[in-house]
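Below, chains carry the letters A, B, ... as their sequence lines are ordered, and counting in each starts from 1.
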Number of protein chains: 2
Amino acid sequence: MLDFIKYLNEFSQLSEEANEDLLPKLRTKSFKKGQIINKEEQVCKNLYFIDKGLVKHYYHHKDRVFILRFFSETNFFTVLDSFVNQTPSQFITIALEDTETTAIDYSDFDELCKKHHSFETSARKLFTMAAVVNLKRIKEMFDADAAELYKEFMNENHHLLNRISLGDTASYIGISQVTLSRIRAKK
Amino acid sequence: MLDFIKYLNEFSQLSEEANEDLLPKLRTKSFKKGQIINKEEQVCKNLYFIDKGLVKHYYHHKDRVFILRFFSETNFFTVLDSFVNQTPSQFITIALEDTETTAIDYSDFDELCKKHHSFETSARKLFTMAAVVNLKRIKEMFDADAAELYKEFMNENHHLLNRISLGDTASYIGISQVTLSRIRAKK
DNA sequence: AATACTTTTTTACATAGGTTAAAAAATTAC
DNA sequence: GTAATTTTTTAACCTATGTAAAAAAGTATT
């Protein structure tokens, strides 16, 4: 709960009043390993901060699974389009480990944005960062072949390597697990 | 110039003072067909609104060209990460047609965000939309094969079809032009 | 330790899409 | 309207990666 506030203040310093208004809106939400945090077709009502644990954000398409992102400790996550537009999600969010989060409800988030300029600023920077991260992912998907993507994934997620299965890693890269096995065999 | 203001107000209504402060910061910038708007390694100093024309946002990698997006009339564009962090761009922006834009400088943009809560709100919504659009592109790239991507591209950009070459279309989809020709031949 | 379950690798085969080169078609310039 | 240039298509060949099924390795449970 305090970490949520700390990290939001790191995007841009919140005013004292904004911080005071924020705290009572926060709720602790815990999820068991394997538990679905947000289903397909369900509107994502919360912005989450992970205090502990790991989640994956994915969807099914033609019998295959694609993982958009993993989120772990000290990161915010939500189902972006579903949260900001309050529309049904195309994606599924599931806990890969027992996970503890600090969450804020959409209407509270929206209200704080309206009430406090400094909160709005942090929100802007938070979502801008999300846009930049997504752009980076598009570029990576374009210009790297599967072997490079795996290498990059390992570099950027070395702290998560023993927590994420090879099957999930393959789904993140966008290849079959067989292909990932072949890539690993070549080294 | 007035369209820039109109479209920014559509994200979220700006206060009267914000609108008044915004107008004198806007500059008209015109580019000839083929002219580079922002080079690689160059910091993108402006947020642009296209009054007329068409630009592509791309990069080179291993002798291939990848187009991240096309931008045309009544759309904002910038080199996202370069603009928001004022760091060198990895991408190139070039005019595909004679293009007229209304532009605002980063420092003016930043100042208006700080000064006017309502401007900050519009900025948040603008960048949030960019994040959602990028997420959608990631999903498309994952779950659609080249033929589907081409079909989707045509559906979503029918107004641009005769303005974008097949070579550029292929670079947007992430395939070679030869492959695109094959796809077209099959229909 | 033996059984069951899950994860990862291996093999065989099929297909999508890359590369290169050349031809054909369309567009632009003079 | 002919030549020059650019764009698009076609063909031949090759590689990466998909699918399916089986084997192997690893983990958990009693």
Query - Close side-chain approach of B/Tyr59 to B/Leu68, heavy-atom, < 4.5 Å - result: yes

Report summary line: To the nearest angstrom, the OH-P distance between A/Tyr150 and D/dT17 comes to 14 Å

Requested in this report: Give a yes or no on whether a salt bridge exists between A/Lys45 and A/Asp105, defined as a side-chain N under 4.0 angstrom from a carboxylate O.
Outcome: no

Requested in this report: Describe, in one word, how the ring planes of A/Phe76 and A/Phe4 are oriented to each other, choosing from parallel (under 30°), tilted (30 to 60°) and perpendicular (over 60°).
Outcome: perpendicular

Query raised in the report: B/Ile175 CD1 to D/dT9 C1': how many Å, rounded?
Result: 14 Å

Query raised in the report: What is the 5' to 3' range of DNA chain C, first to last nucleotide, that sits under 4.0 Å from any heavy atom of chain A?
Result: C/dT8 to C/dA12

Requested in this report: First locate atom OG1 of B/Thr101, then atom CD1 of B/Ile50, and finally report the distance between them rounded to the nearest 0.5 Å.
Outcome: 7.5 Å

Query - Which residue lies more 5' along DNA chain D, comparing A/Val178 with A/Asp145 via nearest heavy atoms - result: A/Asp145

Query raised in the report: Could you state the CZ-P distance from A/Arg64 to D/dA20, rounded to the nearest angstrom?
Result: 11 Å

Query - Interatomic distance, B/Arg184 CZ vs D/dA11 P [rounded to whole Å] - result: 16 Å

Query raised in the report: Does the gap between the ring centers of B/Phe153 and B/Tyr172 come in under 6.0 Å?
Result: yes

Query raised in the report: Is the closest basic N to carboxylate O distance between B/Lys125 and B/Glu10 below 4.0 Å?
Result: no

Report task. Among the candidates D/dT17, D/dA12, D/dT10, find the nucleotide nearest to the side-chain atoms of B/Arg182. Result -> D/dA12

**Report entry** Integer-rounded Å distance: D/dT19 C1' and A/Lys62 NZ
**Finding:** 15 Å

Query raised in the report: Got a second to check how far B/Leu54's CG is from B/Arg163's CZ, nearest 0.5 Å?
Result: 5.0 Å

Requested in this report: Using a cut-off of strictly less than 4.0 Å between a heavy atom of the residue and any atom of DNA chain C, enumerate the qualifying residues of residues 157-172 of chain A by number.
Outcome: A/Ser165, A/Leu166, A/Gly167

Query raised in the report: In whole angstroms, how far is the P atom of D/dT9 from the CD atom of B/Gln177?
Result: 8 Å

Query - Test item: A/Asn134 side-chain N/O and B/Asn134 main-chain N/O as donor-acceptor pair under 3.5 Å - result: no

Query raised in the report: Is any side-chain N of the basic residue among B/Lys114 and B/Asp110 closer than 4.0 Å to the acidic one's carboxylate O?
Result: yes

Requested in this report: Quickly work out the A/Ile183 CD1 to D/dT15 C1' distance and round it to whole Å.
Outcome: 13 Å

